[in-house]
Amino acid sequence: MLDIIFNYQNEIMFGCGIVNLILAFFVVIMKLHSIRKKLAMLKMQLSVAVLTISVSLTIHYDGDPSQAAFWIVRITNFFTFTALLTSIMFTCEYSVAVFMESNKFAKLPKRLLLGFIIPSVGITMIVISQFTGIYYSFDAHNVYQRGPLFFVAFLFPFTTVILLLSFSIQYRKIITKNLLAALVLFYLLPMMAGITQLFVYGHPLIEFTCWMASVTLFWFALSDQNDELIRAANTDLRTGLVNTYGYIYEVEKIAQFKNITEYTAFYFDIVRMSSLNNKYGKRLGDEIIERYAEILLEFFDKDEVLGRLGGNYFVSLVKTSRAEEFLKLIGDCPVDFEYYNKKEVLHIRAIAGAYEVKKKNIPGGQVLSNTATALSYAKNVVHKPYVYLDDELAKKFEHTRIVEEQTRKGLELGEFVPFYQPKVDTGTNTMCGAEALARWRFKDKLVPPIEFIPVMERNTSICDLDFYILERVCLDIKDWLERGIEPVTVSVNFSRKNLGNPILAEAISKVVEKHGVPKKYIQIEVTETIDEFPMSYLIGVVEALQRYGLTVAIDDFGTGSSSIKLLKDVNFDVLKIDKSFVDYNSDKDRVLLSDIILMAKNREISVIAEGVEEAAQVESLKDMECYAIQGYIFDKPLEKKEFEERLMNKSYSI
Ligand code: C2E
Ligand code: MG
Ligand code: MG
């Protein structure tokens, strides 16, 4: 076997050179993301190709006395010696690209610089050797002979390789393990072969090991490039922590190799980051985030995860035994930074959603979404520093999700219907209006609004419901008119979520007109509670509705925080006093109620009291000159058929 290798050394070397040329071709056509690395790798592959092909030709023509061989062996030998140095030089260039990319070094480190200088001196010496024969010469038969200073030729690659080797090992943390292995191989293999070659004569050991190293480096650089791309896609650029994808990947890795049920996941949000940005400026704000990430990272063990999803949102996976400690840290994390050359310390507080992992094979995305749900609940619903998504809460969210889905379907299938609750004028004891209240016929049950309105208000489907009920009310009024039943003004509830709709009034008016219903039969009720939009929006909508000929009532008056301001700034037609106000139980409340009624009267706003259940309340309201009443004392919300009967006979008696 060895005999075959020795006999075909030149063919093998030639083949190796061809492989390098093919690899060089691949380097050219491949999309390597760093152009510096690409060029260095290309030059290195070409150098090794020159090295191996040259040595192959030298072996072939060694001892051939012909004139052609005379030149060939001299030229190829020169190339062999030179290419060995250039291939080391270009590997050094590749290392420079790798290490400098890490941003750790401001300028080229000395040892890497020597990686260019020493081989250059070595090449000069080879040129000198051509004329002096100090390294090698050829005898009269064209046979290669070592010169007196042959071993000096090896000193140049040796010292370069030792320098580069020591550098790569010292800064091994900057580069990937794969690349480190490839670089060490590149430097170590030819060096060992070189030492052997000083004593063994006649075999291209250095050349072969160089070739092996060049192929390995190519291969590792390629896989390293993939790793780097994956790493870049999984990394948050500002902090160097994992991002969403990276977090999911790391969580799943832990689920695969460790017992993930021993971990708790967190999704946390820095409180008032925007005011910090306003105070310190965006750039310093970013630096504070970086420093914050650094400080948090110190807390983390190797088998835990800390990530940043962008902005002030962070995620983590911490061993449950350390979860409490972690919550304490993010509850008050001192972050030091420099502000106008002065050291400042900021106490950063975060709100967290937590989830103690229960399932072994849980997908990373599920862990993330569970913590996100808990965070949203902590921030928007209970306003607590942290919330754990336990089974009970998870069930509640699941229920909400199902209701959300089913109400959407219910809207499509027309499962919602208006019920009508009469409003009675206690001066004449006749019906003076009605309110349309939505009911959901779901699986033979009649679902009350409390079970679906809050869910529908979480998204915009409440707006669809409001328009749907308006359509149904218009259809019913049209039906009564056609059948000669005199209707009353029906008020339809419109959630304040609708206030974001810039053509709300126009859209409402269009629906009423479409059905040919006189505008006097429709009133729009808007609650005063949800403070999502500024007052100016409400004023705009109320004025527009009135321009379209519709009246507007303010619902649940007295429950919001801006009641008096509303009364002062918005020109409503009707004020509906909330049940809680009607149920007053102190003289003070009674005076307040009476004052409100008086104030409305002075502003020529009609008043109606809702939720009236007792005769005494009716009397008391009458005393305060509030005659319009809506309440169980007269009627509950009624189905269309039943309400029709009331329309046909509008008088009431208590
Ligand atoms: P609301 O608009 O203030 O309607 C009055 C609520 O008080 C109705 O509850 C009615 O049944 C109830 N009520 C009336 N008189 C009495 C009484 O004497 N005693 C008691 N205890 N309750 C009385 P309902 O029908 O359950 O509706 C609850 C809320 O759901 C409504 O309050 C309204 O804000 C909302 N809602 C109902 N339908 C719709 C709709 O189509 N769109 C929107 N956006 N909201 C609606
Ligand atoms: Mg109402
Ligand atoms: Mg109300």
Side-chain angles (χ1 to χ4, degrees), residues 403 407 410-411 414-424 426 431 433-441 445-476 489-501 504 508 511 522-530 532 538 541 551-560 563 566 572-583 607-618 621 628-640 642-643 652 654:
V403 174
T407 46
L411 266 178
E415 290 174 352
F416 291 89
V417 285
F419 269 46
Y420 296 91
Q421 187 177 31
K423 298 170 182 172
V424 176
T426 53
M431 193 203 301
E435 178 177 8
L437 293 155
R439 296 290 181 268
W440 180 21
R441 285 192 204 284
K445 267 192 337 213
L446 207 58
V447 185
I450 184 72
E451 287 186 32
F452 58 86
I453 299 272
V455 176
M456 293 177 94
E457 270 183 335
R458 283 161 55 106
N459 51 55
T460 50
S461 66
I462 186 69
C463 305
D464 299 332
L465 174 75
D466 291 343
F467 273 96
Y468 179 78
I469 294 292
L470 177 68
E471 292 259 1
R472 294 289 301 254
V473 169
C474 288
L475 282 171
D476 286 348
T489 301
V490 177
S491 57
V492 180
N493 291 285
F494 267 78
S495 159
R496 281 185 67 163
K497 289 259 161 188
N498 285 289
L499 291 185
N501 178 356
L504 178 65
I508 291 175
V511 173
I522 298 291
Q523 187 169 80
I524 303 300
E525 283 190 23
V526 193
T527 56
E528 70 152 309
T529 36
I530 315 156
E532 197 168 322
L538 184 63
V541 169
T551 53
V552 188
I554 171 139
D555 203 355
D556 303 341
F557 188 83
T559 54
S563 305
L566 264 178
F572 290 104
D573 301 282
V574 180
L575 190 148
K576 292 189 83 178
I577 298 174
D578 190 64
K579 182 173 181 352
S580 57
F581 242 77
V582 174
D583 295 338
V607 182
I608 176 166
E610 50 179 351
V612 179
E613 293 179 349
E614 292 159 19
Q617 288 175 320
V618 177
L621 285 160
I629 277 167
Q630 177 186 345
Y632 291 173
I633 182 145
F634 294 112
D635 259 320
K636 290 199 166 178
L638 308 168
E639 216 176 333
K640 184 185 173 191
E642 220 178 327
F643 179 64
Y652 278 87
I654 299 180

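Just so you know, ligand 1 is whichever comes first in the structure, and atom 1 is the first atom listed for that ligand.
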Taking the Mg ion (ligand 2) as the apex, N493 OD1 and E435 OE2 span an angle, rounded to 10°, of 90°

Using the ring of F643 (Phe, Tyr or Trp, six-membered ring only), decide whether K640 places NZ or CZ under 6.0 Å from its centre and within 45 degrees of its axis.
-> no

Taking the Mg ion (ligand 3) as the reference point, name the nearest N/O/S atom of D556.
-> OD1

Does the side chain of Y420 pick up a donor-acceptor pair with the side chain of D635 at under 3.5 Å?
-> no

Answer yes or no: is there a donor N or O on one side and an acceptor on the other, between the side chain of D573 and the main chain of V552, under 3.5 Å?
-> yes

First-shell residues of ligand 1 [heavy atom, distance under 4.0 Å] | Q421, E435, L437, A438, R439, P449, I453, I462, D466, I469, N493, S495, E525, D555, D556, K579, E610, G611, V612, E613, G631, Y632, P637

Who are the side chain to side chain contact (heavy atoms under 4.5 Å, CB included) partners of R472, not counting sequence neighbours?
-> V417, P418, Y468

Hey, is there an N, O or S on E525 sitting under 2.8 Å from the Mg ion (ligand 3)?
-> no

Any luck finding a side-chain donor-acceptor pair between K423 and S491 under 3.5 Å?
-> yes

For OE1 in E610 and OD1 in D555, the angle at the Mg ion (ligand 3) (nearest 10°) is 90°

Side chain to side chain contact (heavy atoms under 4.5 Å, CB included) filter on N493, not counting sequence neighbours, yields E435, L437, E525, D555

Does T489 have any side chain to side chain contact (heavy atoms under 4.5 Å, CB included) partners at least two apart in sequence or in another chain, and if so, which?
-> Q523

